Amino acid sequence: MKLNRLTLLTVFCLLALNTLAQKKSKKDYLVTIDTDQGKMRVILYDETPKHKENFIKLSKDKFYNDLLFHRVIKDFMIQGGDPDSKNAKADDVLGRGENGYKIPEEIRPNLFHRKGALAAARDNNPKKESSGCQFYIVEGRKWSKNELDKQAARAARKITDAQRKVYETEGGTPHLDGAYTVFGQVIDGMEVVDAISAKPKDERDRPDKDIKMKVTVKKMKKKKITKKYGYVFAS
């Protein structure tokens with residue numbers, strides 16, 4: 001079968017795009033969240049592209065720099081990203097600040113609230129749309145088989161065997177699954193999450209001493225991320 005010039009050009013372009021995509025896939029963004037308690041390294045999931053793109057953009061724009069982890073609960077999570085927390089006074093009520101838009105939910109059954117999960121905060125909107133800026137990182141706790149059975153029955157959903165194993169051995173917050181978008185994972189520095197969650201706080205769960213963050217992103221080869229931090233990317 002003979003191919004005309006237009007067909008050959010189309011094939012060439014498709015091959016070029018495929019090659020470009022393969023080259024891009026060899027790298028990914030590594031997020032660094034720096035605090036006075038240490039640094040956390042985070043990867044963002046391709047399965048949640050809207051959340052990933054938004055977080056990268058805000059980080060590059062230095063939106064998060066000098067904002068606070070304004071809500072911390074031991075054995076549960078640490079939350080930050082409220083723009084009103086920058087230069088907030090000790091008695092200011094935090095957690096209501098936004099950046100003017102929401103992100104459509106990208107809840108994926110395979111992305112769950114294991115220890116170290118990065119997820120988007122949200123209000124009680126029925127579409128489960130995420131805050132455009134506020135996020136939380138799961139500390140969680142370990143769960144027994146009976147506790148997980150009760151969680152599954154209460155939520156009328158299945159917890160896979162693989163997820164059960166993680167919740168039983170590593171920990172997390174299974175009761176949040178299906179309600180919030182998980183879009184990343186801490187791959188280094190979980191001890192920092194543990195330290196922040198244990199800080200003395202007031203009745204609104206705000207730490208007595210401000211914990212500021214600085215968030216940066218850097219594109220790195222996936223092989224380098226795996227070698228340095230032990231995280232294995234899905235093939």
Side-chain angles (χ1 to χ4, degrees), residues 31 33-40 42 51 55 58 63-103 105 107 112-144 147-148 150-151 154-155 167 170-186 189-215:
V31 177
I33 304 175
D34 196 358
T35 74
D36 62 0
Q37 300 298 306
K39 297 180 180 180
M40 296 165 271
V42 182
H51 287 73
F55 198 85
L58 292 180
F63 173 88
Y64 289 115
N65 291 359
D66 293 323
L67 300 190
L68 305 179
F69 279 103
H70 64 269
R71 184 174 178 234
V72 303
I73 302 176
K74 185 172 174 56
D75 297 329
F76 184 38
M77 59 91 214
I78 62 174
Q79 182 172 336
D82 179 350
D84 294 342
S85 68
K86 192 171 187 176
N87 302 317
K89 297 178 181 178
D91 58 348
D92 286 348
V93 177
L94 301 176
R96 301 172 183 172
E98 294 293 344
N99 62 343
Y101 61 85
K102 288 182 169 59
I103 307 172
E105 63 89 2
I107 297 171
F112 57 104
H113 287 80
R114 66 192 303 164
K115 188 178 179 72
L118 171 69
R122 68 174 180 84
D123 56 22
N124 292 322
N125 73 87
K127 293 183 179 179
K128 298 181 181 180
E129 293 174 322
S130 301
S131 163
C133 55
Q134 290 200 45
F135 65 90
Y136 60 93
I137 300 174
V138 173
E139 182 189 27
R141 64 174 178 84
K142 294 179 182 179
W143 296 70
S144 69
E147 287 177 321
L148 291 173
K150 291 178 181 177
Q151 284 292 328
R154 187 178 297 118
Y167 282 134
E170 298 177 19
T173 55
H175 51 290
L176 298 181
D177 289 342
Y180 300 83
T181 296
V182 173
F183 65 99
Q185 178 70 30
V186 174
M190 265 309 301
E191 70 278 2
V192 179
V193 179
D194 295 337
I196 293 174
S197 73
K199 290 299 177 184
K201 59 185 183 178
D202 63 19
E203 67 278 0
R204 294 170 295 186
D205 297 319
R206 177 177 170 179
D208 293 341
K209 181 182 178 183
D210 287 348
I211 301 173
K212 294 184 178 182
M213 69 178 78
K214 179 181 179 182
V215 182

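Everything quoted here is computed from the prediction, not taken from an experiment.
- Note that CD of Glu139 and CD1 of Ile73 are 10.5 Å apart. Values are rounded to the nearest 0.5 Å.
- Checked for salt-bridge contact, Asp202 and Arg206 miss the test: no charged N lies under 4.0 Å from a carboxylate O.
- Counting only distance, with no hydrogens or angles, the side chain of Asp34 and the backbone of Met213 share no donor-acceptor pair below 3.5 Å.
- Checked by atom type and distance alone, the side chain of Asn99 pairs as donor or acceptor with a backbone atom of Gly132 at under 3.5 Å.
- Note that NZ of Lys214 and NZ of Lys39 are 8.5 Å apart. Values are rounded to the nearest 0.5 Å.
- Put simply, the side chain of Asp66 never gets that close to the backbone of Lys86: no donor and acceptor are under 3.5 Å apart.
- Two residues are said to be in side-chain contact when any heavy atoms from C-beta on lie closer than 4.5 Å; Tyr136 and Thr173 fail this criterion.
- A donor-acceptor pair is defined here as one N or O able to donate and one able to accept, closer than 3.5 Å; no such pair exists between the side chain of Glu170 and the backbone of Arg141.
- Of the possible polar contacts, one joining the Asn125 side chain to the Lys127 backbone as a donor-acceptor pair under 3.5 Å is found.
- Among the candidates Glu105, His51, Lys102, the single residue satisfying the side-chain hydrogen bond (donor to acceptor under 3.5 Å, both in side chains) test with Ser130 is His51.
- Here Ile137 contributes atom CD1 and Lys115 contributes atom NZ; the two are 11.5 Å apart, rounded to the nearest 0.5 Å.
- Atom-to-atom distance recorded for Lys199:NZ and Ile78:CD1 is 11.5 Å, nearest 0.5 angstrom.
- Judged by distance alone, with hydrogens and angles left aside, the side-chain atoms of Arg122 form a donor-acceptor pair with the main-chain N or O of Ala179 at under 3.5 Å.
- Looking only at side-chain heavy atoms (C-beta outward), His175 and Trp143 come within less than 4.5 Å of each other.
- A donor-acceptor pair under 3.5 Å is formed between the side chain of Lys201 and the backbone N or O of Val72.
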